[in-house]
Structures are given as structure tokens and as C-alpha cells.
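Comments concern the structure below.
Naming: A, B, ... by sequence-line order, numbering from 1 per chain. Computed from a prediction, not measured in an experiment: that's the story for all the values here.
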Amino acid sequence: MHPLALDPDRLFPADPGTRGLARALYAQVAGLPIVSPHGHTDPAWFASNAAWENATELLLAPDHYVFRMLYSQGIDLDALRVPRKDGVPATDPRSAWRVFASNYHLFRGTPSRMWLDHVFAEVFGIDRLLSADSADHYYDTITDALATPACRPRALFDRFRIDFLATTEGADDPLVHHAAIRESGWKGRVVTTYRPDSVIDVEHEAFAGAMQAFADLTGEDVHSWSGYLAAHRKRRADFRAAGATATDHGFATAQTANLSTAQCEALFGRIVGGNWTPADAELFRAQMLTEMAKMSVEDGMTMQIHPGSCRNHNAALFHSHGRDKGADIPMRTDYVGALKPMLDVVGNERDLTIILFTLDESTYARELAPLAGHYPCLRLGPAWWFHDSPEGMRRFREMTTETAGFYNTVGFNDDTRAFLSIPARHDVARRVDCAFLARLVAEGRMQDWEAAELATDLTSTLVRKAYKLDPGALEVGTA
Amino acid sequence: MHPLALDPDRLFPADPGTRGLARALYAQVAGLPIVSPHGHTDPAWFASNAAWENATELLLAPDHYVFRMLYSQGIDLDALRVPRKDGVPATDPRSAWRVFASNYHLFRGTPSRMWLDHVFAEVFGIDRLLSADSADHYYDTITDALATPACRPRALFDRFRIDFLATTEGADDPLVHHAAIRESGWKGRVVTTYRPDSVIDVEHEAFAGAMQAFADLTGEDVHSWSGYLAAHRKRRADFRAAGATATDHGFATAQTANLSTAQCEALFGRIVGGNWTPADAELFRAQMLTEMAKMSVEDGMTMQIHPGSCRNHNAALFHSHGRDKGADIPMRTDYVGALKPMLDVVGNERDLTIILFTLDESTYARELAPLAGHYPCLRLGPAWWFHDSPEGMRRFREMTTETAGFYNTVGFNDDTRAFLSIPARHDVARRVDCAFLARLVAEGRMQDWEAAELATDLTSTLVRKAYKLDPGALEVGTA
Amino acid sequence: MHPLALDPDRLFPADPGTRGLARALYAQVAGLPIVSPHGHTDPAWFASNAAWENATELLLAPDHYVFRMLYSQGIDLDALRVPRKDGVPATDPRSAWRVFASNYHLFRGTPSRMWLDHVFAEVFGIDRLLSADSADHYYDTITDALATPACRPRALFDRFRIDFLATTEGADDPLVHHAAIRESGWKGRVVTTYRPDSVIDVEHEAFAGAMQAFADLTGEDVHSWSGYLAAHRKRRADFRAAGATATDHGFATAQTANLSTAQCEALFGRIVGGNWTPADAELFRAQMLTEMAKMSVEDGMTMQIHPGSCRNHNAALFHSHGRDKGADIPMRTDYVGALKPMLDVVGNERDLTIILFTLDESTYARELAPLAGHYPCLRLGPAWWFHDSPEGMRRFREMTTETAGFYNTVGFNDDTRAFLSIPARHDVARRVDCAFLARLVAEGRMQDWEAAELATDLTSTLVRKAYKLDPGALEVGTA
């Protein structure tokens, strides 16, 4: 058996001088509270504070970062107990864990490996590496720990020193878990984010049902253009009441539009009338990004745009297993032309914050940094999804900083549904940022005290400002 | 005169600690046999085992990596004795070599320089740098050596410790050289690869002739859709009988299609009927990639896709000199949409191996790693052609590993017609991989024993598995 | 207050061994004269040799690299005294400087910061960092210095050891300042560059006026195709008489065309007749690139192509402030297909030099290096604009050298209107190139004496050759 021990200098440059600088910067930020302004944890966990069942249910079966890699090497998802659309396979959770453990070498060199090792060592105190031989030891240790009070969701939230955690809910969500959290008296700041994709994207399989819920929850005539917009305003207010400071939008492209009211009404008529073309569907999503931006000017909510994923690329797997099964593939994404119609409307607004994300790294230096380095409303979200990794984060800084600077970026997003990995992910981000700053100092490109200021800014200051987390911040933007 | 001496630590990181790690990893793999699963050496060399004539004929006139660089600086191809369509120019081979030698500084910083120096030092024992002053010494030393038995093709094959060498032949090739190799009793494993481009691409200038040979060799009615498919099956069997374990496909795009049989028949009718449009030609190539993938499910042959080269970009040069004269230029390449029709058919096949290559590095992290990190049938070929270089290989690992891992890659391809450079190319790949692994260890991202396992996997294990080189492997995939 | 002190080892790698190599290479080139073959300084400065007024007028209000970053963080351009179309805002220059100083932290990690610190320290001898506290000290120190003879344009030109400086003028420019410079007897070599965009791009807002001036200056019938071409020839001769050795072309794309004379005449008729479509406008720009290339074959002028910028992206800002206000955003750019029509005509000309620039780094390794590594007429311009930065230059070398070598590149361009920053920019380029060469030596990829030769070549030799700066060079290319 091989030991599991986290290297205290991991992710720092090998050159001793630079490593020393990185270590000092990291020491300054390692203990700062976690701010997680965008993610996909389940608010029900914090509402109910129920214990998780076992290692497989918590760490393997729901995590598409993990099971997609195993699947890519020919391992059946049933063998990993990944739920099908029609139910959970009969596989024994311990057997599923053993399959995972026996194939842990597949994760060498991946961020999943770093995150998992961090969880195993720091949350569960395990000191040997995961493998076929240690599979049962892991399964038992983790499953036993999960049954203890110390591993309940709220206890871990406190232990992880999370200061702020945003979940993401659809426009059709009644927000009952967030209500329960507030009513429980628990002090953890777990808030929602307004993600109205399913009532905007008529090509989404849930559109019809989501529109019905949208109507029911708002009492608006969501089939008229004005009623539809009013419904969005009501729900945005509901979400703000549930603590939300931000909205989120994730379509296949970043296309925006700037139509007249008459054009909007005609287009919306085709959308809700069911006689739309794919071009109509795209134009409506495009126009709605602009409408959401205009509402953000009104209500001060920070707007996030996450474009460029070709969802559900594997047709057979989507049929059998549904969404979020590791088959979303990034696509080439345009921002320069796509965002112009929206920026023509709101680009020069100083109190508006629109955070742009990308899965297409070729846009970092070419499009995103120049856009964010000019327009007052634009900021760059951190390296996202496949690029939320040491090399991905390094490329993000190397390709955006020289044009956009550090102050047009917004700190780190963990963007995860894997709650236990949140400290690991923030730790990686802090280490990579400190390594980058250390290199700038070592190469005489920045003074040491500036790097120290930036280490804190990149960890705390920028995220709090961009997501308007501090008292009164949201009101600043209110019209 | 300047000395020529290969630095034993070349391509290792400068940081002493990391260098030490890289050196240790490299020591472990430096002597492993060469597996060359994809390349363009001439099987006639190994069939006839005839001596090469002189330095120019072997190392300069046929190597478009070399003469294109000289051409780019205004040197006439005739002066380098590069063959024209209508024959070899009258230039004296020694004069051609002198022109090359006088311009050797143009190759500074290029992989060609590294490969050539390696050949000069290791194969021919030369200890001074190539230059105008040493041109004749080089020419004489090399030409004299080539006349000796030790420099015959089979002797070098053994001296290079080549375990497996695949050449590439068209569907219209009678495979006589491979037959001669087998009949000769020589033990070297030199096999072919099925590359049917010229009977699939109706825009290829050799299409008509190749189709005739395809008909003659198979006895099938290659002008009916069913006969055409049957002819492919027959030739694939012929190639397997000549040792082939793989097919190869190199069109301008990666577009695939998934047509019904009726659609295929109608399309094929237009192709062979001569009344096709460019869109038909593209759709037929697209459909045939899917057909080839389906046949690989049947016969277990590994499928290689090499898209994205704009062939013969220089019209005047193509007119005077023909193909493969250094004027093929990479293009932006899409995979996400392009491969979906084929993946809808075969994407979830576990015994199928499709190896994807690219000349568009922006697809590494954005498209290829996510695709290979999900679909069981997909693997990533190594950095290809212009990217088969130290920086190119480093970018390949940095941009694919975090999403696809190491185990969705397939080791190294030298992909060369320059036989003497094969050890040099594999040596560069081994060094760059060891340097990458050493960095991961130095940065606490991997344990040393894991890097050691991977060094061997990247050199031997993965290539043998992906190309099904071991006894019985090909049968595994047989339906 | 924090000190301002330039690190003598800035931009060199941290590893001590590699740093030593870089330092030695840099020592060899640090003092070489500056050759600035492409830029946007105002020739009136050198003609009149008048003093600049104050720090704000010289360093802040005209520099869109600087004020765009401040604007991106919500600072009003009026507060920075950036001129509007209808005049200069009433802001006091000292107040504007204070706003800049108070926000100097925004530039951390950017090349602007490096350039500005270099100017502050080396030109003005300031030893404390710019900040709110030092704002007035800076303003007074700089403004006082500008009033002295030592800070007049010609004095600085000499002090900066500039050997050659090219400005850029339109085809409608009477070149009076260059005439005045020549007539003044001053020895500084300040020449012009022929940039005929405004008489070629019918979508340019200045097209009509520029065409009128073009007619007036040449006496040609610029509304007939033959007269229009004759006018270009005359003006190219005028520019050569004013010292020009190069032309420059900056359209949104790199598209070229190769039309027959009849097609050209018909297209030109639509352009000047006012009944053109956007496709006509693009086709005309495309054809004119080919015409310019053909004229360069005739007259030997080096041709520069700077494509890929989406100019004036911010509609409101363009309306209020006009061009060059930091709102030009790079776009994805194709070269392989776009340049082929022109290369079909002139690609194999050995005495022609066409220098390609890009804002789309994904084309470096994929398209530009392979093109320049084949076609005799093509060379690669240095990392441009947003990529004229330490990381950008490093990526340029890493992504072009292995395919194009060093000798298909052309040294450094500062491309700036910020005259005082020219030494700083060249210094950054020399340091980054020396760092790159040092790494190649440290990694055993190049011998030390080769790196030494290259350091000088990259600083002096290549730029002089590519821009034909030495006596007789221009005539070489003359038909």
C-alpha cells in the first residue's frame, strides 16, 4: 500500500526562491474563510441537515467529473451505481466503490485526483492511497464517518469555514429549502441564484412544465410579453428575498440581441405559440440575455453568463440516463460579435456587473480580456469547469492579466455539486494564484507587498465586491 | 568549427531538483524498444534491404520538413535536388548538400535540428556541427557509411531496436513489399495500415485510378454501394493479413455523417456517376468515416483520424512538384459537431478504438480532452506534425491531461518517412514526457512511483494496447 | 510611500542558472540602437520639436492602453481629460493625473505598468512609486522636465538612441511634417509608412474625403480603375521619397482576392458608384491587398498586414469620442483560406516581403508558422498590441519557433504612439527574447554561441533586413 499525504508545498513552483515566495503568500490566505458565490450544492442538505448514506452515494454516483473518466475507459455506469432515468441500478454501493478504487490510477494528473485526495485526507483522516487494496477501508471509514454528527452538512459547512454559499435554482423553483434554512435559525449563509434557463430556452425539454410553474408562482400572464417580463421581475424579487445577489445564464452560445418592443412581442408570440424555428429559439435566448441585463440595471443583481457547452452530446446516454452525465462538450465560442447587441444597451453602466465565463480558452487573450479591459460592466469569471484545474487556472492568469489586469476578475468559483470538495477546490485556486504572483515577484514584475495585497484581493475582496456580498452592496445598483 | 555533442540532459527542466527527477524517469525508459504504430517509411526499403545512395537522397531531398524551411528563405528547390513532377533536377547531390549545410542556422530552435543532430551524432558518429565548412565532411562521412552493411535498412531497424513499425498504404496498393518482407524470413515486424483516402475522396486527383485498382484487386462491383462496401471489407482483410492492426483517414475536416442506406445509395450514385457537388464529396467522406468505424467494430482494427490539413496550398508548387512538398497548412478544425453523427452510432462501443489527431491545438482542452474523457471508443493521438516538437508535446500534455488523463492517450507516433530520425523522435517524446512527469512530482501533484509507472505506460503500454499489438488483441474486438 | 526601482534582472527566469544565461545574452544587446520600423508617433513632434505641455497631455490623455483600463473600472473619461469629438473636457490636467495615480494599482501585472515605471524611472528619474500620495510629485516633476531642452522630441530621440523610426500616414496625407523634418537638416531618421486604408475601405467613415484628397494629391482620375491604381503608384513613390520602406494594411479580416481586370473594373465601379454591398466592400479590400502586394513586387516596399481588430466596438463611445479610445476588440482570424488568392499570385516571389501580424494567438502554431515556414515572401511580425507583453511574447516564440524558426520573424515593433515608452518596450522585448534563448540553452536545445548570435539577430539584423533599412536594400526588390 502507498501512503496518502498531501504535500504542503503542492502546486508551488519547483524553483526554491519562487517556492519560498509562493509559500509566504499562501500562508497569508490559506486560512481565510471560503466565499462560494456560484455552485450547485443541494439546498435540501442544509435545510434538513440529514446525514449522507455512504461513500458511493456522496462521492461517486453523483459526481460526473469522476464517473465520466471511468466510463471513458469502458466501465459501465451501472457498475458505479450512477442513476438511470428509470431508477438507481441494483449494484451494491460497496461494489461500486471497489470498481472506482481499482481504477483510481486513471485520475493521475487530474484535478479530480487532487480534490479527492484532499477530501480523503482532510475530511476523513485517511493516510493510505485509494486502490483496490484499500477500497474497503475507505468505504468503511467514510461511511462510518458520515453517520456521525461531525459529518452532517451544517457541521461540515462550519468546519470548512464557509462564509457564503450560493446554490442555483430555476425560475420555476419554489425555494422551499432556502425558506426552511432561513426559518431554522441556523446562521450559515446559504442563498440561491436566479437561473431562468428553462423558462427562456424553448428547446429545453422542461420548457412547457417550467412555464406552467412560472405562471403559477407569479400569477402573471406569462404568455404575453409584458406578463412574461413581469413574472421575471417578481421571481427575481423572490430570489433576492431568499438572499440571491446574482443571476446565471447558460446557453450554448453567448449571442445577445437588441430588438424593438414590437419585434420582441412578435418573436415571443411565435415562441409561446409553438410555431418557432431554431433561429427564433436562438434569437429569443439572445434577446432575453439583454432583458436580464436591463433588469440587473434595475435591481442590482450581478449577472453571470456561462456559454459554450454542447449539452448531452451522447444521444444514447441522454436517453438512458438524462442530463449531467459527463457528456457535455465545450464548443468554440464567440463573444465579440455575440455580446455587442447587449453591450450597446448596457455596456457603459458602471453599477452593473456582468461576469463572463468561457470553456474556450482561445477567447481569454483574444476577446474576453480586451472586452473586460474596456467595458465598465464586464468582469471575467475564473477558469471554468474543464479549466478549473492547476494548468487551466495558470493559463487563465497568463492569458488575461496583461490586458484585463487582476481587478477585472472576480476571485474563485468552485461551481460544484460535490460539497465535500469545496475546501479542496478553493485551496487549489489559492495555491495557483499564489504561485502565479510569486513568479511575477521572482521575475521582477511586481513588488512583494503588491503580491501580498493581491493574494488577499483574489481570495476575498474581489469576489465580495463582484457578487455584492456586503451589506448595502446590492442596493448600490438599484435604479 | 563548432562541436556537435548531444547534451545528455537535453529537454529536461533547468531547475536542478526537477531535472534530477526527469533524469531518473528517463533512465528507466531510454532503452525500451521502439514501437512505431503510425508512419510513412517505404516498405520497399525493408523488402529489398538495398543501400541508400548518399546523404542528399536520404536526408535532404525527400524530407519536406527540411526543404520547406530552406524554401521559405528563398532557396530554390532545384538547388536542393527536390524532385519535380517531371523528374529529378540535374543538381549535383553534393552541391545540394552544401546549400543545406550553409543554411543550417535556419533550423535553430526547431525539432528538425534536434532530430538531424541526433542522426548525425548517433547514427554516423559525427562530432562537429553541420555548416558550410563541414559540409563535405558530412557528405562524405554519411555517403560512405551508407554503403556499408551496418547502414542497410534492416541493420538499422535492428540497431534502432524497433519492435514494431507500421507503414501506410492506400486501398489500391497490392502490398507486394509487405509480402516480400514476410517471404524473406526476416524477423522485423513491419506491417501496413489501411488508408483508403484515394478511393473515398472523389476530389482526390487519383480517385479514378484508385477505384479501378480497387475493383481489380477485390473483384467487387465497386460502383454499387454494396459492392463498394464489400471491397473495403476484402481489402481490410488483406491488410490484416499483411499485419495491419489499424486504419487511417486524413481528410480536410473531421466531418462524419449518419445516413440511411437509401441515402447512402443515392449519394454514392452521384459520386461514382460523376454528377456530385463539393457538398456531396464532403458528405460522402463524412459517411465513409462512419462506415469505416462500423467495420472497425466488426474486425477490431483501430481507427485513426488525421483531419485538418489544407493540402497543396501552394498552387504553383503543386503544379510543378506535386504533393508533400511542405505546402500543407493546418486549418481550424471542429470535432464536437463533426464527430457527433459517427459517435451516435459507435460512440459507446467499448472494444472499438478511434484515435483522434489534430493540427488545431485550440481543440486540445476545449474539445478533444472532453470527448476522450467521456466516450469509451475515443483516444487522443499524440501531438502531430507541426506540433511533434518539445513545445508542442508539452502543450499537448498540459492541455489534455487534466480532463482526459494519461490513460486516454496512446503513446507516441513518429509519423515519419525519415527512417533514420525515428530513434531521435522517440527520444524527444520520452524526454518531454519525463520532464512533464517530473514537474508533476516536483510540484507535489503526483507521487514518484506513479510517475515511474506512467513513464513506462507512455512509452510502451498504452501504444501496444491502443494499436492492439499483442497476441490476440485484435481478436478481442472481433464481432 | 513605496520605492520605484527597476529590477535589473526583471523578466529573466527565476532559476539561477537560466537567469545567468539570460543576463549574459541581454548584456550583449541592451545597448544596441533602437530600430522602430512600425509605429504611430506624430511626425509633427520631430518637425516642430516643440515641448510637450504636461504629464497628462503626454502620458495619460492620448494613451488608450492606459485610459481604457481606468474606464473599465468605472472611471469617467472626462475625469481623465480624454478628448471628446467636440473638444477637450474642462478637467484640470493635474486633477486628471491624480485620478490616474490613485488607481495605479489597476495596472499591476500589465505591460503598461512596466512601460510606465520604466519611463518614470529612466526618463524622469523618479524613485518612488506612483500613487495618490505621490501624484503631485509626479505631475510636477514630469511637467517641469518637459519644459527643459533635454525633453524636447529630438533630444529624447537622440537620448533613446533611436536609429530608425517609422510613422504611419494615410494615402491622403500630404507628408508636410516629414518634408519639414528633411528640410530642417536634423539627422534623425524619421520616415513614413504608406497606409492607404481610408481610400480602400469604402465602409470607413473618412472614405469620401480621403478619395478627394487622393485625387488632388495625385492628379489622377481616381474614379477609374486604372487611374485609381496609378494614384496608388504615385503616392507610394511619394512615400518612398519621404523615406518609407513599407506599407501597412489594417482591415477587419485578412481576406484577399484574385480577380480578373474586368472583374476589378466592375467591382470598382460599384464601390465608387455608391451602389456596393458589404460583400462588395470586403471583396474590394481583399482585391486591393493583392494589388498592393503586386505593387510591392514592383517597387520593393515591404508589406505589413494587421488584420483582425473589430474597431470601435463601443457604439456610444465611438459616437461621443471617436476612434482609438480603447474599444477595439480582437476577433477570430483566418489566414489559410484568406491569404491563398494573394499567395497564388505572389507567394513564391523571393524579393517580396509580406509581414503578417495577428491578434488571434490560436493562429501562431496552426496557420502563421506553417505559412511563413513555407512561402518565401512571408514573414511573421512580432506579438502585436494586446500580445505585446511578456507573456504574449513568450507565447509567440514558443508557438512559432519550432515551425517557422527564428529567421522567418522580423524582430520587434513597438507599434506605439507613446513616444516616451519606446525604449521601455524594446527593453521588454529584448529581455523576453533573451529569456527564451536562455531557456533553450539551459535545456540543451541550442548552443550558447548560437543564442548569442540570435540575440543580436532578433534585436537588429532581422528587422533591418525585413524592412530593407540598409542602403540599396529597397532597390533589390525593384522590378
Side-chain angles (χ1 to χ4, degrees), chain B residues 2-16 18-19 64-65 68-69 71-76 103 105-114 129 308 310 313-317 325-333 359-362 385-392 394-395 435, chain C residues 13-19 21 332 334-337 339-340 343-344 347-351 361-367 369-379 397-408 436-447 449-451 453-454 457:
Chain B
H2 292 283
L4 168 62
L6 304 182
D7 184 339
D9 282 336
R10 62 192 182 277
L11 295 171
F12 297 157
D15 170 69
T18 316
R19 175 162 288 195
H64 60 73
Y65 284 67
R68 70 160 179 77
M69 179 68 94
Y71 186 71
S72 79
Q73 289 277 315
I75 295 167
D76 201 285
N103 288 282
H105 65 284
L106 299 178
F107 296 92
R108 287 172 181 166
T110 70
S112 293
R113 165 69 184 270
M114 296 203 87
L129 193 66
C310 176
H313 192 272
N314 188 327
L317 190 76
K325 292 297 175 293
D328 298 340
I329 311 293
M331 293 182 295
R332 208 156 58 204
T333 304
L359 296 172
D360 180 353
E361 293 177 308
S362 77
W385 199 342
F386 299 97
H387 312 306
D388 174 10
S389 63
E391 300 297 331
R394 180 179 56 79
R395 287 195 292 269
Chain C
D15 169 69
T18 317
R19 175 163 290 193
L21 292 164
R332 208 156 58 204
D334 165 62
Y335 293 86
V336 179
L339 295 180
K340 193 173 187 316
L343 292 171
D344 283 347
N348 296 294
E349 294 286 340
R350 293 180 213 172
D351 293 328
E361 293 177 308
S362 75
T363 65
Y364 281 156
R366 186 181 61 214
E367 305 179 28
L371 284 164
H374 166 67
Y375 281 103
C377 71
L378 295 182
R379 294 292 181 274
R397 291 289 176 210
E398 289 181 359
M399 295 201 275
T400 65
T401 303
E402 294 179 316
T403 290
F406 290 101
Y407 292 92
N408 283 305
F436 181 69
L437 292 168
R439 181 160 79 83
L440 296 188
V441 174
E443 295 179 358
R445 296 157 70 176
M446 179 175 287
Q447 298 188 16
W449 64 272
E450 295 181 292
E453 273 190 24
L454 274 165
D457 289 343

Salt-bridge test for C:Glu398 and B:Arg395: reply yes if a basic N is under 4.0 Å from a carboxylate O, no otherwise.
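Salt bridge between C:Glu398 and B:Arg395, a charged N being under 4.0 Å from a carboxylate O: no.
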
Taking C:Gly373's backbone N and O only, do any of them form a donor-acceptor pair with B:Arg68's side chain (distance below 3.5 Å, no angle check)?
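Indeed, once roles are kept as given, a pair shorter than 3.5 Å links the two residues.
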
Would you please classify the geometry between the C:Trp449 ring and the B:His2 ring as parallel, tilted or perpendicular, with 30° and 60° separating the classes?
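Rings of B:His2 and C:Trp449: parallel, as their planes differ by under 30°.
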
Taking all non-hydrogen atoms of both residues into account, name the closest pair between [X] and [Y] and its distance.
| X | Y | result |
| --- | --- | --- |
| B:Glu391 | C:Arg439 | OE2-NH2, 2.7 Å |
| B:Ala14 | C:Thr18 | CB-OG1, 3.2 Å |
| B:Met114 | C:Gly444 | CE-O, 4.4 Å |
| C:Ala372 | B:Ser72 | O-CB, 3.3 Å |
| C:Phe406 | B:Gly109 | CE1-CA, 4.2 Å |
| C:His374 | B:Ala327 | NE2-CB, 3.5 Å |

[X] versus chain B, the contacting section by heavy-atom distance below 4.5 Å:
| X | answer |
| --- | --- |
| C:Thr403 | both |
| C:Arg379 | side chain |
| C:Ala404 | backbone |

If we only count heavy atoms from C-beta on, is the [X] to [Y] side-chain gap below 4.5 Å?
| X | Y | value |
| --- | --- | --- |
| B:Glu361 | C:Arg366 | no |
| B:Gln73 | C:Asn408 | yes |
| B:Arg108 | C:Glu453 | yes |
| B:Pro16 | C:Asp15 | yes |
| B:Leu129 | C:Glu450 | yes |

For B:Pro390, is it the side chain, the backbone, both, or neither that has a heavy atom closer than 4.5 Å to a heavy atom of chain C?
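For B:Pro390, backbone and side chain are both near chain C.
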
Which atoms of B:Leu359 are under 4.5 Å from chain C, going by heavy atoms: the side chain, the backbone, both sets, or neither?
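Contact with chain C: backbone only.
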
At what distance, to the nearest 0.5 angstrom, does CG of B:Asn314 lie from CG of C:Asn348?
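Between B:Asn314 CG and C:Asn348 CG, I get 4.0 Å after rounding to 0.5 Å.
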
Please enumerate all residues that pass side-chain hydrogen bond (donor to acceptor under 3.5 Å, both in side chains) together with B:Ser112, with sequence neighbours excluded.
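Result, side-chain hydrogen bond (donor to acceptor under 3.5 Å, both in side chains) vs B:Ser112: none returned.
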
B:Ser389: what forms a side-chain hydrogen bond (donor to acceptor under 3.5 Å, both in side chains) with it, not counting sequence neighbours?
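So B:Ser389 forms a side-chain hydrogen bond (donor to acceptor under 3.5 Å, both in side chains) with C:Glu402.
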
Sort out for me which of B:His387, B:Arg10, B:His313 touches chain C most, counting heavy-atom pairs under 4.5 Å.
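Heavy-atom pair counts peak at B:His313.
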
